[in-house]
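The structure appears below as structure tokens.
The sequence lines fix the lettering, A, B, ..., with proteins before strands; numbering per chain opens at 1.
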Amino acid sequence: MKIASWNVNSLNVRMPHLEQWLGQFQPDVVALQETKLEDHRFPDTALVGLGYRSVFAGQKTYNGVAILSREPIADVQVGIPGFDDVQQRVIAATVGDVRIVNLYVVNGQDVGTDKYDYKLRWLDAVHGWLSSELQAHPRLVLLGDFNIAPDDRDVHDPQVWNDGHILTSTAERTALARLQSLGLHDAFRLHHDDAGQFSWWDYRQAGFRRNLGLRIDLTLVSDALRPHAAAAGIDREPRTWDRPSDHAPAWVELAG
DNA sequence: ATGGTTGCCGAGCAA
């Protein structure tokens, strides 16, 4: 079972890329972020034609998340229970016997801003919710655009991306580590320990060509699924295509 | 590098 996460940065623009990628990569489940589409505009009919059901929670202009699956999707949850939020950043659902939790984590803009405070409060709410979600669903995959690079291997320049910088600040990394301490394991790091493997490259300054990137798109597997995480990676190919998203898909394969 | 690029929508904001 191949499960992937992809921040498409507008599904309206990226639908041809998604179609191409679904056809060649053949994922079983895909978590999308930044669809930037109201629900009535979501291309669910076109996706059925490609063999995928979908559930989604969108809004105009910003945010928006979805889960696509070849198999039936059950028990859909939108948002974090008990955390009022007008921003559509969370959708969870069950596929087979696996709970899929898709996050579009707050970017945070800059350390010390109101958006940064919102990011940390939002991550705290996710932590509280996931501790109970894991009890109810031990076989769980938490994936998405985390907008946090876990450690210095995951940034092209640790001098710039340091403990005072957004996406790499100590408080953000601590919040991510706290989530992982619930028993969630970075599937990529179960299989690779090298630096310089990124999932996002800034559109500016020819970031992709120069590999000036960060690894901020993660697939985390629960304790129960860890022995089944047979492979994980990042598919850079769609980032090479014409008019790409600034993110590449990150994936984990569950076996057995 | 208070730059640079893309997507939203039609002026700046968010990333």
Without decimals, in angstroms, what is the distance between [X] [atom1] and [N] [atom2]?
X	N	atom1	atom2	answer
A/Asp246	B/dG7	CG	C1'	10 Å
A/Asp110	B/dG3	CG	P	14 Å
A/Asn63	B/dC13	CG	P	17 Å
A/Asp145	B/dA14	CG	P	17 Å
A/Arg243	B/dT5	CZ	P	15 Å
A/Arg204	B/dG7	CZ	C1'	13 Å
A/Glu34	B/dC13	CD	C1'	13 Å
A/Lys60	B/dA14	NZ	C1'	17 Å

* Asked: So, for A/Trp251 and A/Trp6, is the gap between ring centers shorter than 6.0 Å?
  -> no
[atom1] spacing across the pair [N] / [M], given as an integer number of angstrom:
N	M	atom1	answer
B/dC9	B/dT5	P	22 Å
B/dA15	B/dA1	P	23 Å
B/dC8	B/dG4	P	22 Å
B/dT6	B/dG10	C1'	15 Å
B/dG3	B/dG7	P	22 Å

* Asked: What residues, two or more places apart in sequence or in another chain, satisfy side chain to side chain contact (heavy atoms under 4.5 Å, CB included) together with A/Lys60?
  -> A/Glu38
* Asked: So what does A/Phe208 touch, heavy atoms closer than 4.0 Å: a base, only the sugar-phosphate, or nothing?
  -> nothing
* To do: Just call it for A/Arg41: base, sugar-phosphate, or nothing, with non-hydrogen atoms closer than 4.0 Å on any strand.
  => nothing
* **5'-most by nearest nucleotide on DNA chain B - A/Lys36 or A/Asn7** => A/Lys36
* Asked: DNA chain B: A/Val13 or A/Val106, which has the more 5' nearest nucleotide?
  -> A/Val13
Atom [atom1] of [X]: over 12 foreign heavy atoms under 6.0 Å:
X	atom1	answer
A/Asp84	CG	no
A/Asp194	CG	yes
A/Gln159	CD	no

* Nucleotide of B/dA15, B/dC13, B/dT6 approaching A/Tyr203 most closely (side-chain heavy atoms) -> B/dT6
* To do: Between B/dA14, B/dA15, B/dC8, spot the one nearest the side chain of A/Thr61, thanks.
  => B/dC8
* Asked: Do the side-chain N or O atoms of A/Ser10 get closer than 4.0 angstrom to the phosphate oxygens (OP1, OP2) of B/dC8?
  -> yes
